[in-house]
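Shown next, in structure tokens, is the structure this report addresses.
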Amino acid sequence: MRLSLGIAGERLATVGQRVVVAPGSYRYAARLYLAVSVSRCRPAPEQGTFGWLRYPESPWQERRRCARNGSSISLSAESPATDTASAESPVGTFSLVVVSNRLPVDHEDGPEAPDGTATDVWRTSPGGLVTALEPLMRSSGGAWVGWPGVADRSFEPFTNDGINIVPVRLSAEELEEYYEGFSNDTLWPLYHDVIAAPAFHRETWEAYVTVNKRFAAAAAASAALGATVWVHDYQLQLVPRMLREARPDLVIGFFNHIPFPPYGIYAQLPWRKQILHGLLGADVIGFQRLADAGNFSRAVRRLYGYPTRGVVIDVPTSEGQGRSGATRRVIAKHFPISIDAVAYEEMARRPEIQARARQIREDLGNPKTLMLGVDRLDYTKGIGHRIKAFGELLADKRLNVEDVTLVQVASPSRERVETYKALRDEIELAVGRLNGDFSTISHTAISYHHHGYPREEMVALYLAADVMLVTALRDGMNLVAKEYVAVRFDGDGVLVLSEFAGAADELKQAILINPHDIEGTKDAIERAVVMPKRERTRRMRALRKKVFDNDVAAWSASFLRTLTGGAAVQAGIPQSLRVALGEMAAADSLLVALDFDGTLAPHVDEPEDARAVAGTREAVQRLLDQDGVRVALVSGRALASLQHVADPHQDVLLTGSHGIEMRLDTPDVEINLLAGEVEQLDTLARVLEGISGSVAGTTIERKPAGMAIHTRLATTKDGERAQREAREQLGEQLPGLTVREGKNVLEFSVRSRTKGDALDVLRAHTGAERVLYAGDDVTDEDAFAVLRDLDLGLKIGPGPSLAGHRVRSPKEVTEVLNLLADLREAARPTSS
Ligand code: GDG
């Protein structure tokens with residue numbers, strides 16, 4: 001049997017021949033797609049495994065299996081291959097890959113070419129996400145993987161406005177099952193509090209798995225070694241795991257644009273474990289709201305029992321056989337999305353758009369109050385509730401149709417899904433009735449529009465509207481609310497906002513409503529209509545500050561900073577850190593908590609040789625000399641060792657062994673080990689000494705409640721072997737131990753504490769109003785995780801981190817401490 005490879009469906013070569021792609025205008029190593037599907041090696045299992053889940057076998061798994069069996073490869077149509085048919089695993093060239101269901105461009109058929117062939121026209125759909133990622137995509141050579149918006153069509157990768165576009169082909173049937181079915185008829189209603197009943201069909205789930213695999217394959221084939229891949233939204237929740245299994249070298253982020261439901265609802269999903277497993281393949285999972293991240297972590301605890309601390313989840317690296325104790329840290333945290341606020345304001349300032357806004361009001365008969373609703377026609381948006389409240393206000397004569405008009409833009413959405421068809425009928429019936437009951441010849445109560453408008457028209461509508469109604473029953477964020485605020489550079493306009501939209505967490509100066517409470521909603525609308533100008537201005541000013549301070553660029557930067565840690569950390573103190581230190585310096589009371597190794601002292605081969613860099617002592621002393629400042633060292637070292645290497649001033653608070661030992665203005669805390677713990681320590685010592693004795697370059701460190709094996713001096717291979725053996729043997733003999741992995745060190749404790757616990761104790765002990773925590777290691781992430789809004793996290797060096805700020809080395813930490821001392825002396829001159 002012959003197998004053909006082709007570019008975009010054209011046959012090029014047969015298997016066995018080496019196929020090389022000529023370098024094109026963009027470098028895309030994975031642009032070969034199989035034109036036909038052949039089953040030379042297919043007789044293998046109908047269902048393969050993907051991790052420990054029974055997923056249909058992926059193309060590259062099949063290829064590997066076939067290769068192992070000595071058979072020729074076999075791929076299904078549309079699966080990406082590499083530029084050589086014999087490559088083991090596809091590796092691309094892009095260092096940043098964004099994966100979303102839809103591409104940021106839409107396909108349209110262009111005019112016929114002279115030779116009679118169809119031409120393709122690509123229109124950019126400039127969403128906030130594209131705007132946010134565009135500069136980064138251009139500078140980093142990024143690729144965007146997604147569906148181009150037409151079924152059953154294959155397109156070659158191409159560049160559009162400097163972004164590399166990688167179209168994923170979907171058949172009409174797949175769209176029906178994966179997109180309209182599982183995504184929009186199962187996940188969407190389930191994740192939005194079952195406002196509509198979710199459908200659970202096994203066939204659509206299978207299509208979801210298949211399509212997720214195709215997206216994962218396209219992303220894997222596009223991503224360079226060690227690249228960052230950012231996957232978006234509920235349609236692609238299995239992609240992170242699929243990618244991790246295919247390409248363990250990748251850094252993988254996922255962002256969920258819609259809510260994540262409470263466990264009681266999520267638990268209905270027959271594939272609830274598979275979805276969580278899929279998501280947990282990511283390094284960072286982003287949600288819109290704090291509550292969504294909490295719901296997710298709870299679901300992980302309930303269904304998998306993995307330990308979670310704050311935003312950190314410890315996921316066994318080999319699920320199903322997790323007895324070795326090795327874990328991977330996954331961060332599940334909220335990153336509220338936003339808009340390109342400046343672009344919206346700029347548009348609103350254009351004279352022709354302001355003229356259009358005036359024209360809109362005029363065309364509507366210059367009502368005293370123009371109210372506006374802008375939504376996709378979706379049952380989550382509460383359009384019916386809004387209409388009901390408005391109708392009752394008119395019926396009660398609290399509003400008069402001569403004075404108030406509601407413009408409702410309901411842009412067409414998911415029109416092939418039955419629930420959406422029914423919703424449209426329902427809304428249009430309600431609008432028709434209301435208009436029939438209340439409109440006059442000269443005044444229409446609801447000006448209803450079932451169209452999509454150009455963005456300029458939307459901005460003109462926002463400018464024209466005195467009151468914006470966002471009455472969502474459940475909404476991940478709701479960008480319309482933020483757009484309205486960004487547009488109102490005149491400082492006027494009132495936002496009525498549902499507390500069930502994510503935006504309500506930030507936009508607290510809106511009039512917040514519970515849209516299910518029709519009376520409350522009516523009161524809020526009336527209040528908005530009569531609100532005095534001064535109050536409107538005051539509220540709008542505060543709302544605008546929120547939206548402009550946290551725009552979409554800040555959102556993506558914060559997500560990517562957490563995910564990648566910014567590969568190269570600049571020398572010196574970044575401006576944003578200077579500003580944050582300035583704000584912190586003025587606080588009444590401050591706690592400056594510092595890790596030691598890697599933070600104040602460079603890492604050295606012999607732990608007992610570590611010393612803080614020159615000037616650290618003096619900087620710490622300057623802080624200690626000021627009123628209201630406490631300094632603490634938070635280390636994984638045993639307290640005695642910490643005291644030996646740091647030789648701290650007696651006023652410095654000390655916590656060692658990750659918070660198990662403490663010296664807080666009193667003699668050291670005693671650790672009274674229980675009999676069982678002493679026994680465990682004995683076993684631990686026996687096992688680790690055995691391993692260390694047989695692997696050159698490893699050393700053992702004893703701690704009061706545990707023991708560590710250091711591998712810094714061993715070869716990489718030996719170090720890995722020692723750590724593996726330690727995990728395996730102790731996983732067998734002492735399965736309950738807490739295992740911590742640091743830089744070339746693996747630590748086991750018989751008592752479970754983290755640096756986060758230590759920081760909580762220090763905060764309570766000092767009563768500090770604000771905390772600065774600095775650390776370099778993965779164990780410091782536990783401390784970053786317990787920081788609060790006004791605190792400051794400082795990560796030293798690269799790597800994923802929850803810290804909001806970063807410097808390069810201990811030398812900069814000393815500069816930071818001195819700068820903080822300077823700023824505090826300036827802010828509170830009498831305190832030193
Ligand atoms: C999902 C989540 C989350 C609407 N009609 C027209 C039009 N729009 C634009 C709006 C806004 C966007 O569409 C809608 O965004 P939302 O956030 O309001 O809602 P979803 O579409 O449901 O988005 C949501 C969002 O993802 C981002 O994470 O906030 O919670 O459900 O930008 O302006 N734009 C144009 N013409 C229209 O007729 N040009």
Side-chain angles (χ1 to χ4, degrees), residues 98 100-102 104 106 123-133 183-184 187-193 195 230-236 254-261 286-289 291-292 334-341 343-344 347-348 353 372-383 386 407-414 420 423 448-463 465 468-487 495 497-507 547 550-552 555-556 559:
V98 172
S100 63
N101 175 58
R102 281 297 287 270
D106 288 327
R123 287 201 197 290
T124 310
S125 39
L129 198 57
V130 195
T131 321
L133 297 177
S183 299
N184 290 337
L187 294 173
W188 180 269
L190 186 80
Y191 281 30
H192 286 88
D193 284 359
I195 298 168
W230 190 1
V231 184
H232 287 265
D233 229 357
Y234 62 104
Q235 301 95 346
L236 301 175
F254 179 89
F255 185 77
N256 198 45
H257 289 253
I258 67 172
F260 195 89
F287 296 92
Q288 303 275 29
R289 306 180 93 160
D292 298 322
H334 66 299
F335 297 87
I337 198 169
S338 192
I339 57 165
D340 185 354
Y344 271 93
M347 208 180 265
I353 292 195
L372 176 65
V374 172
D375 314 82
R376 273 188 311 98
L377 186 46
D378 195 296
Y379 48 81
T380 59
K381 304 290 182 182
I383 304 172
R386 188 180 313 165
V407 173
Q408 176 63 55
V409 175
S411 25
S413 181
R414 306 175 190 170
Y420 286 76
L423 174 77
Y448 172 82
H449 308 272
H450 184 250
H451 323 287
Y453 284 108
R455 179 161 310 174
E456 286 76 4
E457 182 74 355
M458 307 293 295
V459 170
L461 279 165
Y462 291 145
L463 262 184
M468 182 81 218
L469 299 179
V470 176
T471 56
L473 304 176
R474 179 57 77 197
D475 213 335
M477 176 54 59
N478 196 290
L479 298 180
V480 166
K482 293 189 171 182
E483 289 164 6
Y484 179 67
V485 168
V487 159
L495 174 64
L497 176 61
S498 164
E499 63 188 62
F500 299 114
D505 282 1
E506 295 166 275
L507 305 184
V547 172
N550 302 301
D551 67 358
V552 74
W555 167 78
S556 62
F559 185 91

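Keep in mind the model is a prediction, meaning the values are calculated, not measured. Indexing begins at 1, ligand by ligand and atom by atom, following the structure's order. Just so you know, these numbers use all the heavy atoms, side chains as well, and skip hydrogens, waters and symmetry mates.
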Exercise for the section: Report yes or no: does Gln288 contribute a side-chain atom to a donor-acceptor pair with the main-chain N or O of Ile337 at less than 3.5 Å? Expected result: yes

Exercise for the section: State whether the side chain of Gln408 and the backbone N or O of Tyr448 hold a donor-acceptor pair below 3.5 Å, judged by distance alone. Expected result: no

Fill in the blank from the handout: For Asp551, the salt bridge (Lys or Arg N to Asp or Glu O under 4.0 Å) test, sequence neighbours excluded, returns none

Handout entry: side chain to side chain donor-acceptor pair (under 3.5 Å) partners for Ser413, two or more places apart
Key = Arg376

Exercise for the section: With the side chain counted from C-beta on, respond yes when Phe500 and Thr380 share a heavy-atom pair under 4.5 Å apart, and no when they do not. Expected result: no

Practice task
Output the set of protein residues with a heavy-atom contact under 4.0 Å to ligand 1, ordered first by chain identifier and then by residue number.
Solution key: Trp188, His257, Gln288, Ile337, Arg376, Lys381, Ser411, His451, Gly452, Tyr453, Pro454, Arg455, Met458, Tyr462, Asp475, Gly476, Met477, Asn478, Leu479, Val480, Glu483

Handout entry: With sequence neighbours excluded, residues passing ring-ring contact (aromatic ring centres under 6.0 Å, His included) with Tyr420
Key = Tyr379

